[in-house]
Amino acid sequence: MKNLYDAKKAAVCESDLDLRVYTSNLLGQSDELVLHGGGNTSVKTMIDDEEILLVKGSGWDLVSIKAKGFAPVKMKTLLEMATLDKLSDSEMVSGQKAAMIDKSAPNPSVEAILHALIPYKFVDHTHADAVVTISNSVNGLRDIKKVFPNFLVIDYVMPGFLLAHTIYEITKDLDYSSIDGIILHNHGIFTFDNDARESYEKMIDAVSQAEVFLAQNATLQISTTYKSSECDMQKIVEVLSKAKGYKVSLNINQSPLASHYASHENLREFASRGVLTPEHIIRTKRVPLIMEDTNLEAGVAKYMKEYEEYFKEYAKDEVMLNAAPNYMVIKDLAVISFGKTPKEAAVVNDIVTHTMKAVLQADKLGGYKSISIADSFAMEYWELEQAKLKK
């Protein structure tokens, strides 16, 4: 993982927030760390004699975030919220919004309370591919602890208040100077420091450690000789547009990685094992449409029926989303992502591309294993994640 920190560029930063913007942009420049709104960062500072957490606004991209993309929230309120036994999503959002000293700023990240709990000035959180690849394997906890012996490792917990309160309880008596960071199993990694450069470089060093582990234990051999074949794009557009209720745009991936992935012998089981990191599910759904024959209409109908069954099994009072797939894997041919626009389809493809590599590498570590189906449903239908798509 390349360290992009430039002391000369950092030297022109005049405030804590300027430094926070600079190192956030550095994190965002690497797709291997964050993708399309993923991850979050913060800085604690004093404003009008009050301690304020400036935290990434929900849905903003780290690569392009500016000062106006950070929400200023009163630390006192966030720390009080962490101690509560229960707090609904809507209560958390309204409470954080009420504690903002600038009501025109974006809504704070869903991880704002957790950022407040960590007793360091700068806090960085990413969904680093290398870290979640190791984590999302059958031996994930063992290997993560092996690679990161000085990190606090937290079993998967639903993001937001539940995660923050869990960490509050775990760290009540923790000496934070005794750990190098926090690993959220199946989710991501936190680093922190009172210096912006140190926090950023701790992230780069930690992810580099994970990359070294993968290079030593999960090397991929992917052929570059796969032949590209034609897809009946018009047929796919027609069938998926009917299922989605709008004309879809396609992103067709026949790269060596996608071709290798699509050529797997037990494709349906292999490619249907869940998302790489929880928030990806709002873009990709939990699993793709797998096509191993030429009957596209029947394949889409079967997928939608299975999605409806999945919804009925786990739903309480939610309203079902459109049941059509967000991407498909065609046996021995291609991986195709769908969206309302070419840009939206490209976003899905980006996420799927990173997931494909992670799945292949995790299998080298004993087998890929995502969060449970129940946890996946909870994330897919989490009102705070759905709000990102509406924005």
Candidate pair Met158 and Tyr156, rule side chain to side chain contact (heavy atoms under 4.5 Å, CB included), full reasoning: CA-CA 7 Å; Met158 182 77 174; Tyr156 179 77; 4.3 Å; yes
Cluster link Ile170 to Ile118, ILVMFWY, side chain under 4.5 Å: yes
Under 3.5 Å: donor-acceptor pair, side chain of Ser109, backbone of Gly57: no
Note: Lys121-Asp16 ion pair, threshold 4.0 Å (strictly below): yes
Within 6.0 angstrom of Lys312 NZ, more than 12 heavy atoms from elsewhere: no
Student check: side-chain heavy atoms of Phe213 and Leu365 closer than 4.5 Å: yes
pair Thr23-Thr41: side-chain heavy atoms closer than 4.5 Å: no
Residues Asp124 and Arg20 bridged, charged N to O under 4.0 Å: yes
Linked, directly or transitively: Leu4 and Phe122 (ILVMFWY side chains, under 4.5 Å): yes
Shared hydrophobic cluster for Val212 and Ile134 (ILVMFWY, side-chain gaps under 4.5 Å): no
Lys NZ or Arg CZ of Lys285 over Tyr307 ring: under 6.0 Å, within 45°: yes
Side-chain touch Val347/Arg283, heavy atoms, less than 4.5 angstrom: yes
Flag, side chain of Tyr22 to backbone of Val12, donor-acceptor distance under 3.5 Å: no
Flag side-chain contact, heavy atom, 4.5 Å: Ile351 against Tyr327: no
Ring centres under 6.0 angstrom apart (Tyr381, Tyr314): no
In one Ile/Leu/Val/Met/Phe/Trp/Tyr side-chain cluster, 4.5 Å: Ile371, Leu35: no
Pairwise distance CD1(Ile222) to CE(Met356) - rounded to 0.5 angstrom: 9.0 Å
Asn3 and Glu201 side chains, donor-acceptor separation under 3.5 Å: yes
Steps toward side chain to side chain contact (heavy atoms under 4.5 Å, CB included) verdict (Lys44, Glu51): CA-CA 7 Å; Lys44 300 175 181 73; Glu51 190 176 19; 4.1 Å; yes
Flag if over 12 foreign heavy atoms under 6.0 Å of NZ, Lys97: yes
Over 12 non-hydrogen atoms of neighbours within 6.0 angstrom of CD in Glu309: yes
Heavy atoms of other groups near Glu169 CD, more than 12 under 6.0 Å: yes
Short N-O contact, Lys302 and Glu306, less than 4.0 angstrom: yes
Ring centre gap for His187 and His125 strictly below 6.0 Å: yes
Verdict with supporting geometry, Tyr261 and Val359, side chain to side chain contact (heavy atoms under 4.5 Å, CB included): CA-CA 9 Å; Tyr261 194 83; Val359 167; 4.2 Å; yes
Asn150 and Ile179: CA distance, side-chain angles, deciding distance, side chain to side chain contact (heavy atoms under 4.5 Å, CB included) verdict: CA-CA 5 Å; Asn150 294 323; Ile179 63 173; 5.9 Å; no
Validation row, ring centre His115 to ring centre Phe192 under 6.0 Å: no
Residues which pass side-chain hydrogen bond (donor to acceptor under 3.5 Å, both in side chains) with Ser372, listed by chain and number, not counting sequence neighbours: Asp375
Single-linkage hydrophobic cluster Val63~Leu54, side-chain heavy atoms < 4.5 angstrom: no
Test item: Lys56 side-chain N/O and Gly37 main-chain N/O as donor-acceptor pair under 3.5 Å: yes
Side-chain heavy atoms of Ile204 within contact of Ser208, under 4.5 Å: yes
Lys/Arg-Asp/Glu bridge criterion (N-O < 4.0 Å) met for Glu292, Arg268: yes
Salt-bridge contact Lys202-Asp193 (side-chain N to carboxylate O under 4.0 Å): yes
Residue pair Ile154 / His185, side-chain heavy-atom distance below 4.5 Å: no
Side-chain donor-acceptor pair present, His36, Asp61, cut-off under 3.5 Å: no
